[in-house]
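Beneath this line is the structure, given in structure tokens, with notes to follow.
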Amino acid sequence: VDLITGEVLSRAGAFNEQIRFGDNVVTRIEAGRQPEKLAAMQRAIVMETIRPLLLRACERAGRAVNRINGGAIAGNTTMLHLLVGADPTPLGIAPFTPCFIAGKKISAAEIHLPADDLAPETPMQLLPGIAAYIGADITAGVFATGMVFDPTPSLLVDIGTNGDIVLQSSGKLFGCATAAGPAFEGCGLRCGTRAREGAVSDLNLKLNPFALQTGVIGNVPLTRANGICGSAYVDFLATARNSGLLATAGRFEKSVWENLPEENRFTENGDRALRLAANNSHLRVSEVDVAFLLQAKAALMDTGEQLLKV
């Protein structure tokens, strides 16, 4: 970001390389019990994830690394612990006490962030969290969306490995979090991906007559789409259920399925799937995918209902 004009000069994104230690915070907390694995997870986020993204963003912006005056870092409470090498294990045991939750200013050197010409004393501001499982990523969300300034009721829902929900009503914020599972982040789904250029982000299915409308991030043609992200999967669940394709248990209704256009039907080892593009057999949503999505939804459903009763 240009600090004079406020212009966003470039962006860069990638998966967190800590994923090899587990696809959710609980397994990473468990891994953090071993000092050598805690150090390895810190290297994975700093050396293998943040550093390459920092260099890529600078290259895209046409700015040298030594032009960086500082940075702000948001993440859930566990991720920030792993970033600074703090012991995350108390977060995995009741009463889930974090080593820190307040905002913290650190230097690039403190997290061992080596980058060509980046001054070791470059300040990095860790945003404050709210609770052990409502972290600084949610703090960032409530301000970035503007909901804290909204005079009308508003709701922020962040569905990932954790399901975080914040309700703003009458100037007060009510928040909760629960385990959800990584399905809406693409993990475990045949065509799942994070929200990036080339990902299908919108989907609207209609029957009688059959119509399938999609939107792809970056206006990439559907035939060149590289996956399906969480928002499109939510769209599929809603419109497939409303149209009658999905039964209550998440299976395709046989009679409806058989009336779909042949080019949109795909079957593999008994698993039926809806193909989004006739000439892209790799872009599809299957009954197995729906099962993963329903598990993730069920994990956070009760918590969300309790919050909305506030």
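- Leu246 is connected to Leu260 through a chain of hydrophobic side-chain contacts under 4.5 Å among Ile, Leu, Val, Met, Phe, Trp and Tyr, so both are in one cluster.
- Using a 4.5 Å heavy-atom cutoff, the side chains of Leu82 and Gln18 are in contact.
- Inter-residue side-chain proximity for Ile68 and Leu54 is flagged as met; some heavy-atom pair is nearer than 4.5 Å.
- Looking at Thr193, its side chain never comes within 3.5 Å of a backbone N or O of Gly227 through a donor-acceptor pair.
- Side-chain contact between Tyr233 and Val285: present, with at least one pair of heavy atoms (C-beta onward) separated by less than 4.5 Å.
- Placement of Met47 and Leu38 in two distinct hydrophobic clusters is found when ILVMFWY residues are connected by side-chain heavy-atom separations under 4.5 Å, directly or transitively.
- Around atom CD of Gln34, more than 12 heavy atoms belonging to other residues, nucleotides or ligands sit under 6.0 Å away.
- In summary, of the residues considered (Asn76, Ile138, Thr178), a side chain to side chain contact (heavy atoms under 4.5 Å, CB included) with Asp164 occurs for Ile138 alone.
- The CD1 atom of Ile106 lies 5.5 Å from the CG atom of Leu83; values are rounded to the nearest 0.5 Å.
- Formation of a donor-acceptor pair under 3.5 Å by the Thr267 side chain with backbone atoms of Ala273 is not found in this model.
- In this structure, the side chains of Ile19 and Arg28 come closer than 4.5 Å at one or more pairs of heavy atoms.
- Taking the six-membered ring for Trp and thresholds of 30 and 60 degrees, Phe100 and His81 have nearly parallel ring planes, at less than 30 degrees apart.
- Formation of a donor-acceptor pair under 3.5 Å by the Asn269 side chain with backbone atoms of Asp271 is not found in this model.
- Here Thr145 pairs with nothing under the side chain to side chain donor-acceptor pair (under 3.5 Å) rule; sequence neighbours left out.
- If you take CD on Gln168 and CE on Met147, they are separated by 6.0 Å, rounding to the nearest 0.5 Å.
- Atom CG of residue Leu276 and atom OG1 of residue Thr214 lie 7.0 Å apart, to the nearest 0.5 angstrom.
- The backbone N or O of Lys172 sits nowhere less than 3.5 Å from a side-chain atom of Ser170 that would complete a donor-acceptor pair.
- No donor-acceptor pair closer than 3.5 Å links the side chain of Thr122 to the backbone N or O of Ala108.
- For CD of Glu110, the number of neighbouring non-hydrogen atoms (other residues, nucleotides, ligands) closer than 6.0 Å is greater than 12.
- In this structure, Glu48 does not pair ionically with Arg51, as no charged nitrogen and carboxylate oxygen lie closer than 4.0 Å.
- Side-chain contact between Gln42 and His112 is present, with heavy atoms from C-beta onward closer than 4.5 Å.
- For the atom pair OG of Ser286 and CZ of Phe266, the computed distance is 10.0 Å after rounding to the nearest 0.5 Å.
- Arg67 CZ: 12 or fewer foreign heavy atoms inside a 6.0 Å radius.
- Val1 and Phe143 fall into different hydrophobic clusters, defined by Ile, Leu, Val, Met, Phe, Trp and Tyr side-chain heavy atoms under 4.5 Å apart, directly or through other members.
- Legend: residues meeting salt bridge (Lys or Arg N to Asp or Glu O under 4.0 Å) with Glu268, ordered by chain and number and at least two apart, are Arg190, Arg284.
- Residues satisfying the ring-ring contact (aromatic ring centres under 6.0 Å, His included) criterion with Phe292, sequence neighbours excluded, are absent altogether.
- Residue Leu126 holds its CG atom at 5.0 Å from CD1 of Ile73, rounded to the nearest 0.5 Å.
- In this structure the side chain of Leu167 never reaches within 4.5 angstrom of the side chain of Leu156, judged on heavy atoms.
- Leu80 contributes atom CG, which lies 8.0 Å from atom CG of Asp137 (distance to the nearest 0.5 angstrom).
- Cation-pi check for Lys254 over Phe252 is not met; the charged atom does not lie both under 6.0 angstrom from the ring centroid and within 45 degrees of its normal.
- The side-chain heavy atoms of Arg63 and Leu9, taken from C-beta on, include a pair separated by under 4.5 Å.
- Under the 4.5 Å side-chain criterion, counting only non-hydrogen atoms from C-beta, Ile101 is not in contact with Pro128.
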